[in-house]
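Predicted model only: the values in this text are computed from it and were never measured.
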Amino acid sequence: MNQDFLIRIRVFMRSILSLNTYVDIQATNENIRKNIAFKGPNVYILFFAVVIASVGLNVNSIPVIIGAMLISPLMGPIIGFGHGLGTGDSELLLSSFKNLCVMIGISLLASILYFLVTPLEIDNPTELLARTRPTIYDVMIALFGGLAGTLETARKEKGTVLSGVAIATALMPPLCTVGYGIANLSWKYTIGASFLFIINCIFIALAAYIMAKFLKFPNVNNQPNHAKYKYITYIIIAGMIVTSIYTGYNVIKENNFLKVANKFVRKNQSIGKTYIYDYNVNTVNTPYTLELRLAGESLSAQTREMFYRDAESVGIMRNQLHIVEDATIQFEKFNETEIVKNLIQSNEEQLKQRDDSIRVLNNSLERYIKLQLPVKQLAAELMTQLPSVKDVVFTRGERMTRQSDLSEQIVVIVYSDEKINHEEIDRLTQWLKVRLNMENVMLINM
């Protein structure tokens, strides 16, 4: 009974996992050969895709980068290379490699030209930097993405898997980042992004090789030296795996130090009357370091030692912790004489400022008093001299001369029943100038 159950389970699992009825060997070979061709529209499409990806990296736009990856035809030659390796088809292998090199050349040319002429400055190139630190995780993404992409290529009924693979494996952004590094003469971007692109290419090709063997594609063996290509590829793959594991280890170690440093700063944000107002984590050089900038009272020797021990308890060694007390107050440097001297100096400055303020206020008050007009008295005197005057209005104004001198002017508006002649107006104007002790007086009759 148990044996029959196991047989039924085996048959059931085989029916689920079997690919024989879903794969078309002949159509797959034709499809792969067709997709490695790099002529006509594919040349222009690749050029346009590279420019789009470069713009996306330039403005840190993930949707634009994804769109460029969907447009790019780079996947075809890489799968063709792996498939040729797996089926012993050296002609397909060499043709795929040649077309891939031409594609890489055109992509680099387009990205270099873009980054040479673009007026946009990249303040925080997060998307570019993300393509300069390849790790073992990128190897896994390229390998399993390649497996999915190759299986999709071999399937009779095509779906949308290739689009997802194009996005996940990200062939286009690293190439554009290499172009950025060359255009700006930055080895950091050029080497790191080149490494990521090579990893993606090799492990997508390895995935195509594995699927060709797994799906039992027939061997072609049209070149006697095919085994040599295969062994060279194995050596390159082994080197890439070792290198990516090393960089992945460094990334994990860097992330762990950042996490520990942030936790330590939060825990010790305030120590007595001293607090951490800024800190900087340096993971460029080894050993990694944490620099703390303190404000408040200066740390005593006992407190400093406690600080170091607390850091060691979370994994930050003494040589990794740098304490900068550039904003602390050194109270021991002041004696009583200096304190009294500082107080007297401060009081003198305050008194001087107060005297200056009083002087300004007095000047303003004197000017205001000087400008006050005896309006009631002047109106009565004018009405006495001219019985026809009904009303008098005094107003102040400003007068601009041809020499651009600005001066204050008194304007007197006289309302009367009868029109006052010019001689009388001139006489009253002269009288007002003497009366007010001012030259700029104007009399207007309404």
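- Among L46, V50, L74, the single residue meeting the side-chain contact (heavy atoms from CB on, under 4.5 Å) criterion with L175 is L74.
- Distance CZ/F197 to CE/M172: 8.5 Å, rounded to 0.5 Å.
- Between the OG1 atom in T289 and the CD1 atom in I316 there is a gap of 10.0 Å [rounded to 0.5 Å].
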Review item, side-chain donor-acceptor pairs of residues 98-110, under 3.5 Å, at least two apart:
unit_1, atom_1, unit_2, atom_2, d
N99, ND2, I36, O, 2.8
N99, ND2, S95, O, 3.3
S107, OG, M103, O, 2.8

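- Considering all non-hydrogen atoms of both residues, Y288 and Q320 come closest at O-NE2, 2.9 Å.
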Worked verdict on H83 versus Y209 for ring pair (Phe, Tyr, Trp, His ring centres under 6.0 Å): CA-CA 5 Å; H83 189 76; Y209 169 83; over 10 Å; no

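- With sequence neighbours left out, the side chain to side chain donor-acceptor pair (under 3.5 Å) criterion links N42 to no other residue.
- Across all their heavy atoms, G86 and A212 have their closest contact at CA-CB, 4.1 Å.
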Candidate pair N58 and Y180, rule side-chain hydrogen bond (donor to acceptor under 3.5 Å, both in side chains), full reasoning: CA-CA 9 Å; N58 200 178; Y180 172 83; over 6 Å; no

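- Considering only heavy atoms from C-beta on, V260 stays 4.5 Å or farther from F257 through its side chain.
- Judged by distance alone, with hydrogens and angles left aside, the side-chain atoms of N262 form a donor-acceptor pair with the main-chain N or O of L258 at under 3.5 Å.
- Applying the ring-ring contact (aromatic ring centres under 6.0 Å, His included) rule to F264 yields the partners F307; only residues at least two apart in sequence or on another chain are considered.
- How far CG of L290 is from CG of L292: 4.5 Å, rounded to the nearest 0.5 Å.
- R318 contributes atom CZ, which lies 4.5 Å from atom CD of E312 (distance to the nearest 0.5 angstrom).
- The residue from L171, N200, I202 that alone fulfils the side-chain contact (heavy atoms from CB on, under 4.5 Å) condition with I78 is L171.
- Between L151 and F214, the closest side-chain pair of non-hydrogen atoms is not below 4.5 Å.
- P173 has its side chain within reach of M69: a pair of non-hydrogen atoms, C-beta onward, lies under 4.5 Å apart.
- By the 4.0 Å N-to-carboxylate-O rule, R309 lies close enough to E305 to be salt-bridged with it.
- The two residues L57 and C176 have their closest heavy-atom pair at CD1-CB, 3.5 Å.
- The line from CZ of F115 to OH of Y189 is 10.0 Å long, rounded to the nearest 0.5 Å.
- The two residues N35 and P77 come nearest to each other via the heavy atoms O-CD, 4.1 Å.
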Worked verdict on D310 versus K267 for side-chain contact (heavy atoms from CB on, under 4.5 Å): CA-CA 10 Å; D310 197 13; K267 179 182 176 183; 3.2 Å; yes

Check against side-chain contact (heavy atoms from CB on, under 4.5 Å), M211 and T28: CA-CA 12 Å; M211 290 307 299; T28 301; over 6 Å; no

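- Of all non-hydrogen atoms in V281 and A261, the two that sit nearest each other are CG2-CB, 3.9 Å.
- In this structure, OG on S54 lies 9.5 Å from CD1 on I65, to the nearest 0.5 angstrom.
- Between L215 and T150 there is no side-chain heavy-atom pair separated by less than 4.5 Å.
- Annotation: side chain of I204 is in contact with side chain of M75 (closest heavy-atom distance under 4.5 Å).
- Heavy-atom minimum distance, T190 versus I182: OG1-N, 3.4 Å.
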